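Contents: one structure, followed by commentary.
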Amino acid sequence: MLMSSKNQYSDEFKEQIIKKCGETGNVATQARRYNISTNTIHTWIKKYRQTGSVKTLPKAEIVRTDNGPEKHMK
């Protein structure tokens with residue numbers, strides 16, 4: 001079975017990590033503890049602050065038309 005090189009973390013796990021970072025005030029410690037890049041955790045925190053959630057939104061699918069490319073949600 002081939003695994004994707006990109007890790008997939010559950011929304012609940014991301015929220016737990018964000019909470020722990022907030023409690024300790026230290027992203028680096030949580031990153032080392034869970035073997036996650038600090039950049040990844042900072043991205044989760046930024047998204048949480050902007051949207052109030054870490055849930056992944058569906059990616060837009062680009063469809064070519066006679067008028068040019070259009071984005072459609074999957």
Side-chain angles (χ1 to χ4, degrees):
M1 178 181 206
L2 293 174
M3 296 287 291
S4 169
S5 63
K6 185 177 180 180
N7 288 325
Q8 296 279 326
Y9 299 101
S10 73
D11 295 335
E12 293 80 17
F13 177 76
K14 293 176 188 179
E15 288 174 0
Q16 287 176 349
I17 298 299
I18 291 169
K19 182 179 177 185
K20 287 181 182 188
C21 289
E23 290 170 354
T24 63
N26 193 326
V27 171
T29 300
Q30 301 308 316
R32 282 192 300 273
R33 179 173 290 150
Y34 294 98
N35 196 27
I36 302 170
S37 163
T38 56
N39 288 336
T40 298
I41 296 174
H42 282 292
T43 300
W44 296 345
I45 292 169
K46 181 180 176 183
K47 184 175 182 180
Y48 186 80
R49 286 180 179 159
Q50 289 175 341
T51 66
S53 175
V54 293
K55 294 191 186 303
T56 304
L57 298 175
K59 292 188 178 190
E61 180 179 300
I62 297 178
V63 178
R64 282 241 168 242
T65 65
D66 292 340
N67 299 331
E70 291 182 9
K71 289 186 179 181
H72 294 280
M73 298 309 283
K74 285 186 176 180

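Worth saying up front: this structure is predicted, and the values here are computed from it rather than measured. Note: hydrogens, waters and symmetry copies are ignored here, and every other heavy atom, side chains too, is used.
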- Item | With F13 via ring pair (Phe, Tyr, Trp, His ring centres under 6.0 Å) - residues at least two apart | Y9, Y34
- Go through V27 and I45 one step at a time and tell me if the side chain to side chain contact (heavy atoms under 4.5 Å, CB included) criterion holds. CA-CA 10 Å; V27 171; I45 292 169; 3.9 Å; yes
- Message: Which residues pass the side chain to side chain donor-acceptor pair (under 3.5 Å) test with T38, not counting sequence neighbours?
- Response: none
- Item | Euclidean distance, I17 CD1 relative to I36 CD1, rounded to 0.5 Å | 4.5 Å
- What's the shortest heavy-atom distance between A31 and S37, and which atoms? CB-C, 4.3 Å
- T43: side-chain contact (heavy atoms from CB on, under 4.5 Å) partners, not counting sequence neighbours: none
- Going from CD on Q16 to SG on C21, what distance comes out if it is rounded to the nearest 0.5 angstrom? 11.5 Å
- Query: Under 3.5 Å, is there a donor-acceptor pair between the side chain of K47 and the main chain of K55?
  - Reply: yes
- Query: Shortest non-hydrogen contact from Y48 to I18?
  - Reply: CB-CD1, 3.9 Å
- Is the closest side-chain heavy-atom distance between Q50 and K46 below 4.5 Å? yes
- Task: Check whether any side-chain heavy atom of Q30 lies under 4.5 Å from a side-chain heavy atom of N26, and answer yes or no.
- Result: no
- Partners of D11 by side chain to side chain donor-acceptor pair (under 3.5 Å), sequence neighbours excluded? none
- Query: Taking T24 for the side chain and K20 for the main chain, is one N or O donor matched with an acceptor at less than 3.5 Å?
  - Reply: yes
